[in-house]
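To keep things clear, I will list the structure first and then write my remarks on it.
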Amino acid sequence: MNKIKILDESVSNIIAAGEVVENPASMIKELIENSLDAGGRSIRIEVKNNGRDVKLVDTGTGMEKEDLFLCVERHATSKIKDKGDIFNLTSYGFRGEALASIGSISKMIISSKTKDSKGGHKINLNAGKVTKYEEVARADGTEIEIKDLFFNTPARLKFLRKKSTEYARIREIVLKEALYNIEVSFSLFLDGRETIKTSGSGIENTILELFGRNTLKNSTKFSLGYWGNMNLLKSNKDSIYTYVNGRYVKSKTIEKAVLDAYYTKLIKGKYPFAVIFFNISPELVDVNVHPSKKIVKFVDEESVHKEILDQLTEAIYRDDRKNSIDLKIEKDKNIEKNNFLDFEELENLITPTENIVIKTKQPLLIKEEKLENKVAERIAKASRYSQEYEAILPPEILPLEIKEKEIEKESKIEDEKHLEKEKNSVEIEKILLAETKESKAHKDLKEKEELKSNYRVLGQLHNMYILVETDEELEIYDQHIVHERILYEKLKETHYNKKISIQNLLVPIKLELNGYEIEVVRGNLELFSEFGFEVEEFCDNEILIRGVPIFNFRVSIEDTFKYLLENLGGNDPREKVIISMSCRNAIKAGEKLSIEEMETLILDLHEIGKYTCPHGRPIILKMTFDEMNKKFNRK
Ligand code: ADP
Ligand code: MG
């Protein structure tokens with residue numbers, strides 16, 4: 001006797017229901033989408049009994065008697081007719097499975113009436129079997145009532161979560177449908193209490209009705225939807241609503257693009273409110289990666305990321321400028337700064353540690369300090385950290401030492417010739433030199449003091465902004481952007497003057513990368529080396545970082561390098577490297593700073609004299625005391 005049997009339809013429907021009806025919320029999603037497909041302009045949903053009893057009423061096209069009997073059959077659909085239609089979908093549904101599945105695991109009543117028929121029809125089902133039919137008088141549209149969901153599938157019933165969880169899921173599903181279908185009026189009742197009500201009168205009313213006045217007030221329209229400002233920060237990513245071609249979806253790429261666009265503004269662990277309606281040619285997107293059609297994959301994830309990032313960044317930046325009607329924005333003064341780093345600055349940059357070997361890649365010596373014994377001092381200091389130093393010292397350094405000796409020799413000959421005279425003049429020169437040096441240092445210090453005397457750092461706001469007062473105004477600095485700008489200028493300076501120094505890592509860093517990242521590494525080895533990252537391919541998907549630039553990494557080297565890889569695409573790779581490194585390693589919004597740290601930041605910024613972030617966003621908002629007085633009606 002054969003063992004294989006074709007399953008009874010009622011059994012196969014229950015199996016299919018396992019996929020379609022994960023929980024009451026996913027069932028409600030199917031029902032709503034049916035109503036939307038039927039052109040319903042009003043959808044009312046009543047939920048009771050943990051989501052096991054649901055009634056949905058719509059004002060859609062309705063069904064004739066025959067269709068009413070058919071709609072609960074498996075693979076019964078009015079939405080596609082042949083294979084070709086599958087690839088040209090304009091409806092939410094097409095599988096013809098939802099009603100059959102839901103019906104098979106519940107007791108269901110459907111009544112419906114089309115505009116053209118005089119009366120309506122009603123059928124009752126029990127576990128998928130029609131138990132009753134009658135003609136009824138009713139309004140145009142469809143009403144579906146589900147009772148005792150999962151009554152014949154005890155295992156699934158056990159998976160039902162507690163009421164608050166199921167209701168929260170349902171609310172979220174309805175909200176997501178309502179947020180996109182802004183011409184449809186939705187209402188949702190949970191145990192008799194109306195928790196969602198939209199009027200179907202446009203996106204802004206819908207945002208207002210779903211999220212409240214505060215959200216609407218703090219959101220701004222842009223080319224792809226709405227973005228919320230910093231008054232709407234949330235502690236998770238659930239408030240980033242993304243729709244692709246009209247379907248609510250989850251996409252890591254879109255989410256990342258949104259977060260990237262906000263990056264300088266976000267406090268650690270906080271996420272924005274955003275609604276993104278992204279449309280793309282259907283052949284460039286696969287919505288069926290996940291059975292619940294929620295996770296979406298794009299053929300070209302990178303260009304989707306770029307498109308959204310660009311649009312949103314542009315919008316946020318535009319808004320930054322607009323919002324400063326009261327507070328004026330300090331423009332880039334472009335103060336010319338000398339092109340060289342001081343020894344002091346260099347000293348600060350180079351902080352040798354025991355497991356790091358210092359190697360100078362470019363000539364270390366700059367300016368008039370060339371022949372000063374500071375060089376020797378440095379070498380001695382560095383060699384204390386590593387005996388290897390001598391061995392790897394590049395040849396550029398050596399001629400200078402020889403030169404130094406030659407000059408000494410020359411002056412010895414001179415000395416012999418004009419001993420007396422020379423002795424005196426040398427003495428005088430020494431004194432003069434000492435004096436000028438002293439006065440230069442003094443001048444620098446004086447300049448700093450003078451700069452500092454123009455303002456006072458008051459404190460930190462929200463662990464995000466630095467408050468500063470001057471004689472005329474209150475200034476608000478964005479700490480992340482300030483630090484980013486400083487790092488950016490310093491990096492740019494060292495790079496363009498070919499003064500990036502490398503620290504060789506005694507223990508190289510092994511990084512596992514994906515195929516895309518490996519390609520980026522391969523194509524940019526020279527660029528990385530230019531910036532002090534000595535990278536080599538280790539095996540298939542791993543690289544070794546043997547050397548890194550001397551730089552104050554506030555996040556890990558791995559993190560910085562990965563971030564750099566992500567952001568390298570497009571034009572001007574050098575600028576990208578500099579921006580990525582400074583952005584990633586800058587003080588973040590949300591970090592508490594001491595007054596001293598803030599003072600250093602503000603002074604550094606004024607010394608650089610550039611008051612926008614590398615992306616062009618402003619760093620300072622200002623309000624004069626005059627303006628303030630006016631606002632308080634003091635004048
Ligand atoms: P699908 O949506 O994939 O077609 P369903 O099982 O969800 O499959 O629905 C089957 C059919 O029942 C639909 O194709 C549609 O013709 C009809 N239908 C379902 N719900 C409604 C409704 N609310 N209004 C009008 N027709 C409906
Ligand atoms: Mg359907």
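Each ligand, and each atom within it, is numbered from 1 in the order the structure gives. Computed from a predicted structure; not experimentally measured.
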Are more than 12 heavy atoms, taken from residues, nucleotides or ligands other than Lys197, located less than 6.0 Å from that residue's NZ atom? yes

Salt bridge (Lys or Arg N to Asp or Glu O under 4.0 Å) pairs touching residues 111-124, sequence neighbours excluded, are Lys113-Asp140, Lys122-Glu134

Taking Lys29 first and then Glu33, would you say they form a salt bridge - that is, a charged N and a carboxylate O separated by under 4.0 Å? yes

Kindly write out the residues that satisfy side-chain contact (heavy atoms from CB on, under 4.5 Å) with Asn181, not counting sequence neighbours, or none if the list is empty. Leu36, Tyr92, Glu177, Val184, Phe186

So, His480 side chain and Ile587 main chain: donor-acceptor pair closer than 3.5 Å or not? yes

Would you mind reporting whether Phe159 and Asn23 have side-chain heavy atoms less than 4.5 Å apart? no

Inter-residue atom distance Gln311.CD - Leu309.CG, 0.5 Å rounding: 10.0 Å

Quick check on ring-ring contact (aromatic ring centres under 6.0 Å, His included): which of Trp227, Phe211, Tyr180 does Tyr241 satisfy it with? Phe211

Anything under 3.5 Å between an N or O on ligand 1 and a protein N or O? List each pair with its distance, or write none.
| from | atom 1 | to | atom 2 | distance (Å) |
| --- | --- | --- | --- | --- |
| ligand 1 | 2 (O) | Asn34 | OD1 | 2.9 |
| ligand 1 | 2 (O) | Lys79 | NZ | 2.6 |
| ligand 1 | 3 (O) | Phe94 | N | 2.9 |
| ligand 1 | 3 (O) | Arg95 | N | 2.9 |
| ligand 1 | 3 (O) | Gly96 | N | 2.7 |
| ligand 1 | 4 (O) | Thr77 | OG1 | 2.6 |
| ligand 1 | 6 (O) | Ala98 | N | 3.2 |
| ligand 1 | 6 (O) | Leu99 | N | 2.9 |
| ligand 1 | 7 (O) | Asn34 | OD1 | 2.9 |
| ligand 1 | 7 (O) | Asn34 | ND2 | 2.8 |
| ligand 1 | 8 (O) | Gly96 | N | 3.3 |
| ligand 1 | 14 (O) | Thr77 | OG1 | 3.3 |
| ligand 1 | 14 (O) | Ser78 | N | 2.9 |
| ligand 1 | 14 (O) | Ser78 | OG | 3.2 |
| ligand 1 | 16 (O) | Ser78 | OG | 2.5 |
| ligand 1 | 20 (N) | Asn34 | ND2 | 3.4 |
| ligand 1 | 23 (N) | Asp58 | OD2 | 2.9 |
| ligand 1 | 24 (N) | Thr142 | OG1 | 3.3 |

Relative to the Mg ion (ligand 2), how many protein N, O or S atoms have a separation of less than 2.8 Å? 1

Going through the checks in order, is the salt bridge (charged side-chain N to carboxylate O under 4.0 Å, His left out) test met by Arg169 and Glu166? CA-CA 5 Å; Arg169 281 176 177 160; Glu166 294 297 346; 3.3 Å; yes

